[in-house]
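The structure under discussion appears below in the form of C-alpha cells.
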Amino acid sequence: MKKLIILVLLNAALVSCKKDSTKLVPYDPSAPVFAIYPAPFKGYVGDVMPFYDNNTFHLFFLMDWRDNAPQYHPWYKFTTTDLLNYTNKGQMIGYGRADEQDYTLGTGSVIKQGNVYYGYYTGHNYLFLNTARPQEGILYATSADLNTWTKKTEFLITPPAGYDFNNFRDPNIFFNDATQEYWMVVGARKNNAGELVYYTTKDLASPNWAFQGTFYAPNKYDMLECPDIFKWGTYWYLVFSDTNLENATHYRMSTSPSGPWITPANDLLDSKYFYAAKTASDGKNRYLFGWVPTKSGFADNGTKDFAGNMSSHLLTQNTDGTLAVSALAAVIQAFTKANNITTSTKTSDVTTSGSDYNLTSASSLSYALFGSINGSYMISGTVNFTAAPQNFGILLGSNTYASQTYKLGFQNGNMESDRVASGNTTTESSVPFILTAGKDYNFKVVIENSIATLYVNDQVALSTRIYSLQNQSWGIFSSNGSVVFKNLKSFGLK
C-alpha cells in the first residue's frame, strides 16, 4: 500500500515537472489510486451517484473541470471493490448540443431492470433561460455494462404545470415493492419553496412516467437537491441536501414511501462540508457518498467552492430507526502504523499519565501540542468531562496556538469546526451533538491532505477542509472546564 502511494505521488511530481518534458513518465489516469478522499488527477468531484453491482461500487459523479468552458459537469465514474483503491473509468455520459436539453449535465441515479442499466440524469441548458423551453429537464441513457451509455434522445420530462420552469432536477428512481412500480422522485420548486415531486411507471424499458404530485414539501428550503430514497428493514428513508439553510445533507424516516416523513432530532448526516450525499448498499452494509468542497483560492479563509473530493461514511441503524454515521472499517484498518505522541508544549494545568491527559482550565484555555501531521493520519481516543467546559476537542493546523489553529470539537451542544486566526474565531461547520457529563465518548479523526473528519461514538461525523493542516502540529484543548483525554493515539499508513 505504501509503495502504491509513493508511486502515485511520484507520478504527480513528474507530471508537474517542466525541466525536461521529453523524459517524463506518462501518467495513466485510469490506474488504481489508493485514497480516503478520492478526486481525479485533474478536476474535482461534484455530486456522487453511487450504484453497487457485481461486487463493485460504481461511483458516478459530476466532473467539475473548472475551466470556464461553456459546457460542464459530464458524468464520470470511479470504481472500487474495497472503498480504498479507486479507478477512474473516465467519461460515462457527455454533453449535448447547444440546442439540446443536456447542453450541460446534472445529477441523477442509476438502476437496473433485467439486463439493462438505466441512468436518469438532469439536462441543464442555461441558454434556454427566459425562452419558451425549460432550463432543466429529465433525460436518460441505457447501458449493458455500466461503461458505454446510449442516450435516449427522444425522451424528456419537463416541469409539471404550476412548478418553476427552471428548477427541476436530480431524479432518483427506486422500486416500490408495495405497489410493484418504479417511482421517480425529482427536486422541484413551487410557490417560491423547494419540494420533491414524483412519477410512477411499471416498466423502465417503455417508460410511460405518470405524474403523481407532491412527494415531500417541508416549505422551508429553496431547493431539495439530490434526493435518495431507500428501504431498510421496516423503515423508508429520504435523504436530500438543502441549498439555503444548513447547506448540508439531511434525512427523514417513515414506515411508508408515501409518508408521513418524520424529522429526527438530529437530521444532519454530516456538516455543510459534506454535500449532496446519496447512498448505496453492497447487500451487507449501506454507505453514504458525498463530496467535501474545496475553498476559493485554496486558502483557509476562502469560501466554499462547488465540488472537491469524494468522501464516504458507513451508515448504521439505531434501535429506534434513526441513522448513525461512522468511519469505514476499511479506512480504520488501513491505519496500522502507530506513532509516538510527544508533547512539544503544554499549559501548566495539563497533567499526563501514559497516554491519558487531564486538562483542568479554570478560567481560560488548557492545551497540549504534539508533533506535526505529515500525510494520511488518524487520531483516536476517548474523552470525558466532569465540569462542563465551554468548549474542548482537537487542535489542527497549529503553528502556534495563538496565531493560527483549527478547533475540531464540542461547544454548546454541537460538534464544530472553528477557525482561529489572529485571535478571531469563525465557526465554519457544525452538527448537533449533546454530551453528558461523566460519560466516555470514543472519537476518531481521519485525515488525508487538507481534509479531516471527526467521528464520535460511531454515531455522528463532522467533515472540514483545512489547508494549513499538513506539516503543522496537532493537539488537544479545553476552555473553562475539566476534560480527560484517555488512550490518546495517532496512526499513519503502514
Side-chain angles (χ1 to χ4, degrees), residues 35-39 44-48 61-62 64 66 107 221 225-226 239-251 266-279 287-315 325-328 331 373 376-379 393-397 405-411 414-421 425-433 443-456 459-470 474:
I36 298 168
Y37 306 106
Y44 302 90
V45 174
D47 301 349
V48 183
F61 63 93
L62 300 185
D64 189 42
R66 296 190 190 170
T107 310
Y221 303 114
E225 295 190 317
C226 303
V239 175
F240 65 91
S241 293
D242 81 281
T243 59
N244 64 310
L245 295 180
E246 289 88 357
N247 296 118
T249 302
H250 306 254
Y251 81 98
N266 175 22
D267 74 322
L268 293 180
L269 293 172
D270 199 329
S271 72
K272 66 180 181 180
Y273 275 83
F274 180 81
Y275 193 73
K278 294 164 74 74
T279 75
Y287 300 92
L288 185 68
F289 300 89
W291 51 268
V292 178
T294 57
K295 293 180 179 180
S296 59
F298 303 103
D300 282 335
N301 62 355
T303 57
K304 287 195 310 173
D305 296 318
F306 174 84
N309 295 68
M310 186 181 298
S311 178
S312 51
H313 304 318
L314 174 68
L315 279 182
V325 181
S326 57
L328 305 185
V331 169
I373 290 175
S376 299
Y377 211 80
M378 184 174 75
I379 302 165
I394 304 296
L395 298 175
L396 296 174
T405 193
Y406 267 80
K407 293 179 177 180
L408 197 58
F410 309 91
Q411 178 167 300
N414 294 318
M415 284 169 53
E416 290 187 359
S417 173
D418 296 331
R419 179 170 57 89
V420 180
T425 300
T426 301
T427 298
E428 295 198 337
S429 62
S430 67
V431 294
F433 192 69
F443 68 87
K444 295 179 180 67
V445 183
V446 177
I447 295 166
E448 186 179 57
N449 298 323
S450 57
I451 299 175
T453 306
L454 170 63
Y455 298 96
V456 179
Q459 285 289 310
V460 64
L462 177 76
S463 297
T464 193
R465 175 80 71 171
I466 305 172
Y467 287 104
S468 59
L469 196 157
Q470 293 291 327
W474 69 277

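Values below: all heavy atoms of this structure, side chains included; hydrogens, waters and symmetry mates excluded. These numbers were taken from a predicted model, which means no experiment stands behind them. Index from 1, following the sequence.
- With respect to Arg419 and Glu428, a salt bridge is recorded, a charged nitrogen being found less than 4.0 Å from a carboxylate O.
- Within the 4.5 Å cutoff, side-chain heavy atoms of Val456 are placed close to those of Met415.
- Among residue pairs with one or both ends in residues 298-313, those qualifying as salt bridge (charged side-chain N to carboxylate O under 4.0 Å, His left out) are Arg66-Asp305; sequence neighbours excluded.
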### Message
Tyr287 vs Leu315, test: side-chain contact (heavy atoms from CB on, under 4.5 Å). Steps then yes/no.
### Response
CA-CA 5 Å; Tyr287 300 92; Leu315 279 182; over 6 Å; no
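- For the pair Lys295/Tyr467, a side-chain contact is recorded, criterion being any heavy-atom separation below 4.5 Å from C-beta on.
- Residue Tyr275 forms a side-chain contact (heavy atoms from CB on, under 4.5 Å) with just one option from Val292, Thr243, Val48, and that option is Thr243.
- We find the OG-OH distance between Ser463 and Tyr273 to be 11.5 Å, quoted to the nearest 0.5 Å.
- Tyr406 OH to Thr425 OG1: the interatomic distance, rounded to the nearest 0.5 Å, is 11.5 Å.
- Considering only heavy atoms from C-beta on, Ser312 comes within 4.5 Å of Leu328 through its side chain.
- To the nearest 0.5 angstrom, Asn301 atom CG is 10.5 Å from Ser468 atom OG.
- A donor and an acceptor atom, one from each side chain of Ser429 and Thr464, are nowhere located under 3.5 Å apart.
- Ala39 and Gly308 get closest at one heavy-atom pair: CB-O, 3.9 Å.
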### Message
Between Val420 and Lys407, is the side-chain contact (heavy atoms from CB on, under 4.5 Å) condition met? List the steps.
### Response
CA-CA 8 Å; Val420 180; Lys407 293 179 177 180; 4.3 Å; yes
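- With a 4.5 Å cut-off on side-chain heavy atoms, Asn309 and Arg465 count as touching.
- Of all non-hydrogen atoms in Leu269 and Leu288, the two that sit nearest each other are CB-CD2, 3.8 Å.
- Applying the side-chain contact (heavy atoms from CB on, under 4.5 Å) rule to Asp267 yields the partners Tyr221, His250, Arg252, Thr263, Pro264; only residues at least two apart in sequence or on another chain are considered.
- Between Phe443 and Leu408, the closest side-chain pair of non-hydrogen atoms is not below 4.5 Å.
- From Ser241, atom OG reaches atom OH of Tyr251 across 14.5 Å, with rounding to the nearest 0.5 Å.
- Taking the side chain as every heavy atom from C-beta outward, Leu469 and Ile373 approach each other to under 4.5 Å.
- For the pair Asp242 and Glu246, the tightest heavy-atom approach, listed with the atom from each and the gap, is OD2-N, 3.2 Å.
- Taking Ala461 as the reference, Asp270, His313, Val325, Thr453, Tyr455 meet the side-chain contact (heavy atoms from CB on, under 4.5 Å) condition, with sequence neighbours excluded.
- For Ser430 against Leu268, the heavy-atom pair with the smallest separation is O-CD1, 4.2 Å.
- Put simply, the side chain of Ile36 reaches to within 4.5 Å of the side chain of Val446, judged on heavy atoms.
- Side-chain N/O atoms of Asp47 and Thr107 include a donor and acceptor closer than 3.5 Å.
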### Task
Would you check, one step at a time, whether the test side-chain hydrogen bond (donor to acceptor under 3.5 Å, both in side chains) holds for Tyr377 with Glu448?
CA-CA 7 Å; Tyr377 211 80; Glu448 186 179 57; over 6 Å; no
### Message
Trp474 vs Leu395, test: side-chain contact (heavy atoms from CB on, under 4.5 Å). Steps then yes/no.
### Response
CA-CA 5 Å; Trp474 69 277; Leu395 298 175; 5.9 Å; no
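- For Thr249 against Ala276, the heavy-atom pair with the smallest separation is OG1-N, 3.5 Å.
- Of all non-hydrogen atoms in Ala307 and Tyr44, the two that sit nearest each other are CB-CB, 3.9 Å.
- Aromatic ring centroids of Phe306 and Trp291 lie under 6.0 Å apart.
- Distance check, rounded to the nearest 0.5 Å: CD1 of Ile451 to CE of Met310 gives 11.5 Å.
- The closest side-chain heavy-atom distance from Leu454 to Phe433 is not below 4.5 Å.
- A donor-acceptor pair is defined here as one N or O able to donate and one able to accept, closer than 3.5 Å; such a pair exists between the side chain of Ser296 and the backbone of Thr303.
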